[in-house]
Amino acid sequence: MSTATAEMKTQAPPANTYRPKGMLIGGKWVESASGARITIENPGKRTAVAEVPRAAEADVNAAVAAAEKAFPAWKNVVPRERGKILLKIAEVLEARSEEMARTIALETGNALRTQARGEAKLAADIFRYFGGLGSELKGETVPLGEHVLSYTRREPIGIVGAIIPWNAPVMLGALKIAPALCAGNVLVMKAAEDAPMAVLLMADICQEFLPPGVLNVLTGYGAECGGPLANHPKIRKLSFTGSTEVGKVIMRAAAERIVPVSLELGGKSPSIVYPDADEDWAVDGIINAMRFTRQSQSCTAGSRMFLHEDIFDSFLAKLEKKTTALKIGDPLDEASDIGTIINNKQYSKVCKYVQDGLDRSDAKLVFGGLPPKTGPLSEGYFTMPTVFADRSNDWRLAREEIFGPVLVAIRWSDEAEAIRMANDSHYGLAAYVWTHDIGKGLRAAHAIESGWVQVNQGGGQTPGMSYGGYKQSGLGREFSLEGMLDSFTQRKSVTVNLAV
Ligand code: ADP
């Protein structure tokens with residue numbers, strides 16, 4: 001739940017950031033039925049920057065009713081034409097990407113230059129990618145004999161309920177909106193309570209081109225608004241991105257009504273560094289994979305680093321030099337490489353993990369530690385990239401998703417043991433392997449239990465590439481044509497007797 005309060009000092013909105021007009025239901029900007037609002041905080045300064053409606057069950061009902069009304073016409077729009085609308089949206093997203101990026105930086109704390117601009121651009125690319133896929137909603141003919149015509153159709157599922165988190169709100173929101181609408185569904189999406197503003201800007205751009213009710217965006221808290229959405233009897237599909245804990249709640253709600261569910265959940269992703277990779281490119285890759293420049297608030301973060309014993313100390317020395325050179329500061333400042341943690345709750349959680357590491361006599365602090373208590377960095381939720389070494393894979397810091405910049409470095413000597421430790425986790429979202437020996441790298445990639453393994457790079461997702469988790473990291477795939485077909489359509493078989 002958002003930690004912002006109405007009593008918090010208010011800050012005038014920075015230039016070129018979006019001002020919310022309410023939430024979007026049936027093509028109109030509305031307040032919540034109760035009139036209650038949520039205060040949005042700038043985590044870089046701990047000041048209030050905006051208010052949005054605090055939606056609850058009555059608002060969910062109104063949004064679902066608007067979506068229901070819009071569905072019959074929208075599903076019958078020729079798919080290519082739906083795609084064209086997404087392409088128009090992509091153009092405006094691109095044109096307003098600086099406003100989008102500044103709004104993302106303001107409310108999430110993600111640095112404008114290193115993170116928010118990339119996210120805003122990626123949102124436009126996601127709409128562009130799915131905008132081109134309308135004609136790929138194809139069915140098949142089935143050879144049942146000369147006197148029978150049997151074919152399949154890819155039909156939309158209906159009203160999709162989507163719930164998104166705050167860490168990459170626009171990218172993750174675009175990943176629900178674009179494929180769901182391309183496939184002919186209508187959507188009720190709940191933005192995260194900590195970062196709804198940029199999502200509302202995206203909705204504002206979308207609604208210029210979409211018929212009313214096709215996309216509805218609610219702002220509200222998890223249990224209070226997300227709960228009624230997940231449990232609404234008219235929602236025919238649930239698509240959730242967030243924590244594994246809440247993912248289980250969503251799956252239980254889906255089980256009650258037998259509705260399909262896509263879940264993109266947490267991770268504790270391993271990086272295996274081979275002895276031949278004690279080089280600068282691998283260190284840069286590890287920093288990228290760990291998402292240090294987004295405070296590691298990423299489910300893809302490579303937060304368990306298995307370093308070969310021969311290079312353990314020299315690799316960590318290089319990592320320290322490069323990571324400590326990154327500038328931590330105001331997310332909206334062009335000079336900042338690293339911004340802030342989202343809110344006080346997450347900040348305290350990260351600090352507790354760091355303290356736990358510091359309290360252990362058998363764990364060595366390589367660099368980082370607790371954030372400063374005075375000076376400019378104490379004004380926001382700034383944390384320090386931190387690395388602990390020398391403990392095994394079994395302590396809390398190596399098992400739990402911290403969602404903050406705390407990396408554990410674990411020694412290995414035997415390759416099979418490294419892979420065993422990498423797989424010893426209930427998560428399986430991403431993984432990274434670092435070696436010049438491509439045979440070894442690919443053998444490891446195939447042996448790791450994870451939905452996405454990168455070899456010698458630590459980049460982010462790209463439209464077209466299926467993304468999703470093994471084990472408790474999730475269910476279903478997003479980001480791709482297959483993801484759209486599997487997650488947002490249902491197949492119907494039609495069989496015709498030609499002999500009559
Ligand atoms: P994070 O730790 O990234 O905030 P959460 O899983 O807590 O992840 O939140 C992700 C999204 O799920 C947010 O939009 C949040 O409001 C929503 N959410 C949290 N709890 C519930 C719940 N009980 N039912 C439905 N949605 C929820």
Side-chain angles (χ1 to χ4, degrees), residues 1-4 23 32 38 40-41 43 52-57 59-60 63-64 107-110 160-173 175-177 187-200 202-203 216-232 235 237-257 259 261-268 291 294-301 303 341-350 352-353 381 400-404 427 429 469 472-475:
M1 187 176 269
S2 167
T3 44
M23 50 188 187
S32 61
I38 299 174
I40 307 305
E41 181 180 20
V52 295
R54 177 173 167 174
E57 189 168 3
D59 308 290
V60 170
V64 172
E107 64 180 342
T108 65
N110 289 336
V160 176
I163 297 176
I164 55 172
W166 44 261
N167 63 325
V170 172
M171 173 185 95
L172 297 168
L175 270 183
K176 312 282 185 213
I177 300 171
L187 199 66
V188 177
M189 185 166 84
K190 188 193 91 61
E193 54 269 38
D194 290 289
M197 290 162 65
V199 172
L200 289 170
M202 177 160 60
N216 305 276
V217 175
L218 300 173
T219 51
Y221 290 119
E224 194 175 75
C225 175
L229 181 59
N231 288 291
H232 199 290
I235 296 285
K237 153 90 196 185
L238 286 167
S239 178
F240 172 80
T241 303
S243 61
T244 295
E245 190 194 350
V246 178
K248 291 178 186 175
V249 174
I250 302 295
M251 197 158 170
R252 273 184 219 116
E256 275 304 311
R257 310 193 308 285
V259 302
V261 58
S262 309
L263 303 171
E264 204 267 83
L265 308 176
K268 189 75 188 177
R291 310 283 189 262
R294 63 184 305 116
Q295 307 73 253
S296 309
Q297 296 182 123
S298 162
C299 34
T300 322
S303 52
I341 293 288
I342 184 78
N343 60 28
N344 196 31
K345 185 177 143 219
Q346 290 296 120
Y347 174 80
S348 308
K349 186 178 148 198
V350 173
K352 276 200 194 108
Y353 277 108
Y381 303 119
E400 296 173 13
E401 185 179 42
I402 298 174
F403 231 62
Y427 290 117
L429 192 55
Q472 289 191 29
S473 287
L475 206 60

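Residue indices begin at 1 and follow the sequence shown. Both ligands and their constituent atoms are indexed starting at 1 by order of listing.
The residue among Gly242, Pro169, Cys225, Gly222 with a heavy atom at the shortest distance from atom 27 (C) of ligand 1 is Gly222.
In this structure, Glu224 places its CD atom where more than 12 heavy-atom neighbours from other residues, nucleotides or ligands lie under 6.0 Å away.
In this structure, the side chain of Asn167 engages the main chain of Gln297 through a donor-acceptor pair within 3.5 Å. Asp59 contributes a side-chain N or O that, together with a main-chain N or O of Ala56, makes up a donor-acceptor pair within less than 3.5 Å. Arg291 places no side-chain N or O within donor-acceptor distance of the main-chain N or O of Ser303, the cut-off being under 3.5 Å. Without hydrogens or angle criteria, Arg294 side chain to Gly109 main chain gives no donor-acceptor distance under 3.5 Å.
Shortest contact from atom 4 (O) of ligand 1 to any protein heavy atom: Trp166 NE1, 2.8 Å. Ranking the protein heavy atoms by distance from atom 25 (C) of ligand 1 puts Gly226 C, 3.3 Å first. Closest protein heavy atom to atom 16 (O) of ligand 1: Glu193 OE1, 2.6 Å. Of the protein's heavy atoms, Ser243 OG, 3.6 Å lies nearest to atom 5 (P) of ligand 1.
Every heavy atom of Phe403 sits 4.0 Å or more from the atoms of ligand 1. Ligand 1 lies out of reach of Ala230, whose nearest heavy atom is not under 4.0 Å from it. Under a 4.0 Å heavy-atom criterion, Asn167 is not in contact with ligand 1.
When each atom of ligand 1 is checked for a heavy atom of Ile250 under 4.0 Å away, the hits are 25 (C). Close approach to Val246 involves these atoms of ligand 1, each under 4.0 Å from a residue heavy atom: 6 (O), 7 (O), 18 (N), 19 (C), 20 (N), 21 (C), 22 (C), 27 (C). Under a 4.0 Å criterion applied to the non-hydrogen atoms of Ile163, ligand 1 contributes the atoms 11 (C), 12 (O), 14 (O), 17 (C), 25 (C), 26 (N). Contact atoms of ligand 1 toward Phe240: 6 (O), 11 (C), 12 (O) (distance under 4.0 Å to a heavy atom of the residue). Close approach to Ile164 involves these atoms of ligand 1, each under 4.0 Å from a residue heavy atom: 11 (C), 13 (C), 14 (O).
For atom 9 (O) of ligand 1, no protein non-hydrogen atom is found at a distance below 4.0 Å.
Within the 4.5 Å cutoff, the side chain of Ile177 has heavy atoms near those of the Met202 side chain. For the pair Val160 and Lys237, the minimum side-chain heavy-atom distance is below 4.5 Å.
Side-chain contact, Tyr381 with Gln295: no donor N or O sits under 3.5 Å from an acceptor N or O.
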* Can you list the steps and then say if Lys268 with Glu400 is a salt bridge (Lys or Arg N to Asp or Glu O under 4.0 Å)? -> CA-CA 7 Å; Lys268 189 75 188 177; Glu400 296 173 13; over 6 Å; no
